[in-house]
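Beneath this line is the structure, given in structure tokens, with notes to follow.
Values in this document were obtained by computation on a predicted structure and should not be read as measured data.
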Amino acid sequence: MPYDPTYPAATSPATSAPMRAQLQAIVDLIQSIPEGPQGPIGPIGPAITSYVVDSTNTLNPGENASVIVGFESPTVHFTFNIPHGNAGPEGPPFMNYVVDFTNTLPAGDNAMVVLTFDGSTGHFAFHIPRGDTGAPGEVTTAQLSSAIAGTPSNTNPIATLDLAISDPPTQGEMTQVLAKVNELIVGLRR
């Protein structure tokens, strides 16, 4: 018989067989809780494998904060009830930011930003590590050619096509457009 929290009903007579069944159901529930770590004289409480926050509730200012804790083996369940604070006076505007300085740190140090506030202005100080010095090296002509291959040439020497085109365009106008497109294509080649 499973445990029945409603038995026996208030002011009702209880008989021994159902009461023994209730007590045995409670013992069974206790024994179903996994054992925790071993202490010097036996297990220390039930094994807990996880914690869950079921909800966080906002209370009115002045109400007492509380935490409700429940255990559903092997998980501990929390419900937090937290009052929100009273609205305080509005502080000064935080609209101005200034970078006071930037400091170079040795290579390998951690970067850091320090922010201070003087009442109206946020002051930043940046601390940034320098990069490691790379190994010196030479670039061969083949490496340079390989890096440049496929990139366009500089088109600055190619003049723009300043041409008024009639409607419909004439054969001469189309010839000028064709010549300029060809000049651009040749200029982009490497």
Would T102 and I128 count as a side-chain contact (heavy atoms from CB on, under 4.5 Å) here? Give the steps. CA-CA 7 Å; T102 301; I128 302 171; 4.1 Å; yes

Please report the closest heavy-atom contact between [X] and [Y], naming both atoms and the distance.
{"X": "D118", "Y": "T121", "answer": "OD1-N, 2.9 Å"}
{"X": "G85", "Y": "P61", "answer": "O-CG, 4.2 Å"}
{"X": "P106", "Y": "P129", "answer": "O-CB, 3.4 Å"}

Listed by chain and number, what are the side chain to side chain donor-acceptor pair (under 3.5 Å) partners of [X], not counting sequence neighbours?
{"X": "T175", "answer": "none"}
{"X": "N110", "answer": "none"}
{"X": "D132", "answer": "none"}
{"X": "N103", "answer": "H127"}

Do the side chains of [X] and [Y] join up, straight or via other hydrophobic residues, at under 4.5 Å, putting them in one cluster?
{"X": "I82", "Y": "V67", "value": "yes"}
{"X": "V69", "Y": "F80", "value": "yes"}
{"X": "F71", "Y": "Y51", "value": "yes"}
{"X": "L115", "Y": "Y97", "value": "yes"}
{"X": "V76", "Y": "V53", "value": "yes"}

For G62, is there any backbone N or O sitting under 3.5 Å from a side-chain donor or acceptor partner on N60?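 Side chain of N60 to backbone of G62, a donor-acceptor pair under 3.5 Å: no, none is there.
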
With a cutoff of under 4.5 Å between side-chain heavy atoms, which Ile, Leu, Val, Met, Phe, Trp and Tyr residues group with [X]?
{"X": "M174", "result": "none"}
{"X": "L105", "result": "none"}
{"X": "I185", "result": "L161, L163, I165, V177, V181"}

Name each donor-acceptor pair under 3.5 Å that joins a side chain in residues 134-145 to protein atoms two or more places apart or in another chain, with its distance.
{"residue": "T140", "atom": "OG1", "partner": "Q143", "partner atom": "N", "Å": "3.0"}
{"residue": "T140", "atom": "OG1", "partner": "Q143", "partner atom": "OE1", "Å": "3.4"}
{"residue": "Q143", "atom": "OE1", "partner": "T140", "partner atom": "N", "Å": "2.9"}
{"residue": "S145", "atom": "OG", "partner": "T141", "partner atom": "O", "Å": "3.0"}

Any donor-acceptor N or O pair under 3.5 Å, side chains N81, S66: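 The answer is yes; a qualifying pair exists.
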
Show every salt bridge (charged side-chain N to carboxylate O under 4.0 Å, His left out) that has at least one partner inside residues 151-179, sequence neighbours left out.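 Every candidate salt bridge (charged side-chain N to carboxylate O under 4.0 Å, His left out) pair involving residues 151-179 fails, so no pair, neighbours aside, qualifies.
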
With sequence neighbours left out, which residue pairs that include part of residues 176-185 fulfil the salt bridge (charged side-chain N to carboxylate O under 4.0 Å, His left out) condition?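 The answer is K180-E183.
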
Can you tell if the side chain of N57 reaches within under 4.5 Å of the side chain of T79, non-hydrogen atoms only?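 SC-SC contact between N57 and T79 confirmed.
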
For V113, which residues count as a side-chain contact (heavy atoms from CB on, under 4.5 Å) partner, sequence neighbours excluded?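 Residues passing side-chain contact (heavy atoms from CB on, under 4.5 Å) with V113: F124, F126.
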
Residues which pass side-chain contact (heavy atoms from CB on, under 4.5 Å) with L178, listed by chain and number, not counting sequence neighbours: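 Partners of L178 by the side-chain contact (heavy atoms from CB on, under 4.5 Å) criterion, ordered by chain and then number, come out as N182.
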
To the closest 0.5 Å, what do you measure between NE2 (H84) and CD (E63)?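 CD of E63 is found 8.5 Å from NE2 of H84.
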
From S55 atom OG to H77 atom NE2, the distance as rounded to the nearest 0.5 Å: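 Output value for this atom pair is 11.5 Å.
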
